[in-house]
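These numbers come from the heavy atoms of this one structure, side chains and all, not from hydrogens, waters or symmetry mates. Residue numbers begin at 1 in each chain, while the letters A, B, ... track the order of the sequences.
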Protein chains: 2
Amino acid sequence: MTTTKAACVGRPRGFDIDLALEQALNVFWRNGYEGTSLNELTEAMGIKKPSLYAAFGNKEQLFFKAIDLYENRPDSLFNIAFQHEHVADVIRGLLLGAATQFTDCSHPQGCALINSTLSCSEASESIKQTVLARKAKHKQRLVDRFAQAKNSGELQEGCEPVVLANLMTTLFQGLSMQASEGASVDELQQVAAMAAEGILTVSVKR
Amino acid sequence: MTTTKAACVGRPRGFDIDLALEQALNVFWRNGYEGTSLNELTEAMGIKKPSLYAAFGNKEQLFFKAIDLYENRPDSLFNIAFQHEHVADVIRGLLLGAATQFTDCSHPQGCALINSTLSCSEASESIKQTVLARKAKHKQRLVDRFAQAKNSGELQEGCEPVVLANLMTTLFQGLSMQASEGASVDELQQVAAMAAEGILTVSVKR
DNA sequence: ACAATTTATTACCTATCGGTACAAAATTCA
DNA sequence: TGAATTTTGTACCGATAGGTAATAAATTGT
């Protein structure tokens, strides 16, 4: 049932399944779910449609596998920034990291998760819901981290962890859109730096 | 050649062209350009396809007319907020206004201009470019207003008008996405208030 | 009444969408 | 050398996309 297990009988697969998935992720990353056609996918992956369906199920399942691949990268924004001890460094790391990673030209611009949700009409509702659920999980990680900071006395009294998390999420989405629209690294880093400065002065104790 | 001029000869048009355009705007607002099909449009507008093409040209021209309608509303966010004398009130007005308008349930959630760009693959490049140009024009209005504030000594020395404008744009896009994904008025207003507070402390002289 | 003009309705066009049937090709097992 | 099994390529499916040809219906001018 799994696609990862190599079959030892029958004609051997003529392409690298992990590499193909990475190509698929790139296309979804650039064009979103609905903005990506099967022809674009098969061309980018270097395979024909029946091979795609045999290996990944269908377009929807391929998308989920691609997103899994994206989210489980060890060098993800959250994994890096959450290593900092002080919440101020976490906030700075998240914002500056987003500005940097979203404009990294070794892959499509912006956040794959955020970009994918965008071009999603009422048609593919399951895609939308799934992506929203994943984004909610990420937001919860932020809320938890900020709640912990509040408990340890790092945050100012008036600062609500959930509001702070929402503001960070808002900035991520904005930064992702800007990057997708062609903003430069410098431009976004300046924005992130100013945002971090402002947020820190109203949320973190000095 | 114009569609606004009423013909005095021939069969009279059986529908209100301005009302139909408003319905079209609503659909584009909800689903974006590519996410909206002609069938959805004609159903929402209460007309058949040939009537749509006779009155508006084609899907692309209909979209541009709908966006024109959207941008030329007198109660637009910018028009209201720019009436304030002090730049601090402008910033507060823009952010709180965005949070409020984007979640106003008398129309689709989020900003029509921002939402439309989203679901736009490489296919409809002219749509993307046109919308980007309009967004750039709005950003320029922000830059001009902040530059004026800097000249009049309202802004802190280290505050660059263009960076401040970029940060505001980033927040607008984030707020629009959050609203489209179902965020509540309260939620977004809290985010906007915190963002405004942070921005003011690092950009406006006290 | 009748031509001229404009709109409305039906039915259709081509292109592309996601998805698949089928048979040839390539391998392992006996 | 087969039989079994799996992948590959071609060619196709129904549904829907945006868009239009042709004709009927409704009006104004004469």
Side-chain angles (χ1 to χ4, degrees), chain A residues 1-21 24 27-28 31-66 116 119-127, chain B residues 1-21 24 27-28 31-66 116 119-127:
Chain A
M1 210 48 159
T2 64
T3 60
T4 52
K5 186 70 199 141
C8 61
V9 64
R11 179 169 172 171
R13 181 177 286 125
F15 62 96
D16 185 331
I17 195 168
D18 296 314
L19 198 70
L21 185 58
V27 184
F28 283 129
N31 301 122
Y33 178 74
E34 286 187 343
T36 298
S37 73
L38 280 181
N39 284 337
E40 288 175 278
L41 283 170
T42 54
E43 190 174 351
M45 300 165 82
I47 62 178
K48 298 295 169 59
K49 271 192 278 188
S51 300
L52 189 155
Y53 278 81
F56 301 103
N58 60 13
K59 187 185 176 186
E60 187 172 320
Q61 293 174 39
L62 172 61
F63 174 75
F64 289 143
K65 292 195 171 97
S116 303
S119 55
C120 226
S121 75
E122 301 165 334
S124 44
E125 190 64 23
S126 81
I127 296 285
Chain B
M1 209 48 159
T2 65
T3 60
T4 53
K5 185 71 199 137
C8 60
V9 63
R11 177 170 173 169
R13 181 178 285 123
F15 62 95
D16 185 331
I17 195 168
D18 296 314
L19 198 70
L21 186 58
V27 183
F28 283 130
N31 301 123
Y33 178 74
E34 286 187 344
T36 298
S37 73
L38 279 182
N39 285 336
E40 289 175 276
L41 284 169
T42 54
E43 191 175 350
M45 301 164 82
I47 62 178
K48 299 295 170 60
K49 271 190 280 188
S51 299
L52 188 155
Y53 278 81
F56 301 102
N58 59 13
K59 187 186 176 185
E60 186 171 321
Q61 293 173 39
L62 172 60
F63 174 76
F64 289 143
K65 292 194 171 98
S116 303
S119 56
C120 228
S121 75
E122 300 164 333
S124 43
E125 191 64 22
S126 81
I127 296 284

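As rounded to whole Å, 12 Å separates atom C1' of dT20(D) from atom CG of Asn58(B). As a whole-Å value, the separation of Leu52(B) CG from dT9(C) P is 13 Å. When rounded to the nearest whole Å, the span between OH of Tyr53(A) and C1' of dT6(D) equals 20 Å. One can place NZ of Lys49(B) at 13 Å from C1' of dA21(D), the figure rounded to the nearest angstrom. Rounding to whole angstrom units, CD1 of residue Ile17(A) and C1' of dT6(D) are separated by 13 Å. The separation between Phe15(A) atom CZ and dT7(D) atom C1' is 9 Å, rounded to whole Å. Between the NZ atom of Lys59(A) and the C1' atom of dG18(C) there is a distance of 8 Å, given to the nearest Å. Residue Glu34(B) contributes atom CD, which lies 15 Å from atom C1' of dT16(D) at whole-angstrom precision.
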Fill in: side chain to side chain contact (heavy atoms under 4.5 Å, CB included) assessment of Leu38(B) paired with Leu41(B)
CA-CA 5 Å; Leu38(B) 279 182; Leu41(B) 284 169; 3.9 Å; yes

Item to complete: Would you please test Phe28(B) and Lys59(B) for side chain to side chain contact (heavy atoms under 4.5 Å, CB included) and show each step?
Response: CA-CA 11 Å; Phe28(B) 283 130; Lys59(B) 187 186 176 185; 4.3 Å; yes

Practice prompt. Mind running side chain to side chain contact (heavy atoms under 4.5 Å, CB included) on Leu62(B) and Met45(B) for me, showing each step along the way?
Written response: CA-CA 12 Å; Leu62(B) 172 60; Met45(B) 301 164 82; 4.1 Å; yes

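The number of heavy-atom neighbours closer than 6.0 Å to CD of Gln61(B), taken from other residues, nucleotides and ligands shown, is above 12.
Shown for residues 37-48 of chain A: residues whose heavy atoms fall under 4.0 angstrom of DNA chain D, namely Lys48(A).
Atom OG in Ser124(A) sits 6.0 Å away from atom OH in Tyr33(A) (nearest 0.5 Å).
A pairwise comparison of heavy atoms in Ala44(B) and Val27(B) identifies CB-CG2, 3.5 Å as the closest pair. Looking at every heavy atom in both residues, Asn39(A) comes nearest to Thr42(A) through O-OG1, 3.0 Å.
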Worksheet item: Nucleotide by nucleotide, 5' to 3', does protein get under 4.0 Å of the base (B), only the sugar-phosphate (S), or neither (-) in nucleotides 21-30 of chain C, counting heavy atoms?
Response: B---BBBS--

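In the set dT8(D), dG18(C), dG19(D), dT8(D) carries the atom at the smallest distance from any side-chain atom of Ser51(A). Residue Arg13(B) has its side chain nearest to dT7(C) when only dG18(D), dT7(C), dT7(D) are considered.
End-to-end axis angle of the helix from dA1(C)-dT30(D) to dA30(C)-dT1(D), from C1' rotation axes over five pairs per end: 10° (rounded to 10 degrees).
Under the 3.5 Å distance criterion, the side-chain polar atoms of Glu40(A) are matched with a main-chain donor or acceptor of Ser37(A). Thr36(B) places a side-chain N or O within donor-acceptor distance of the main-chain N or O of Gly32(B), the cut-off being under 3.5 Å.
For Lys48(B) and Tyr53(B), the positive end is not near the middle of the six-membered ring at less than 6.0 Å and at most 45° from its axis.
With 3.5 Å as the limit, one finds a donor-acceptor pair spanning the side chains of Glu60(A) and Ser126(A).
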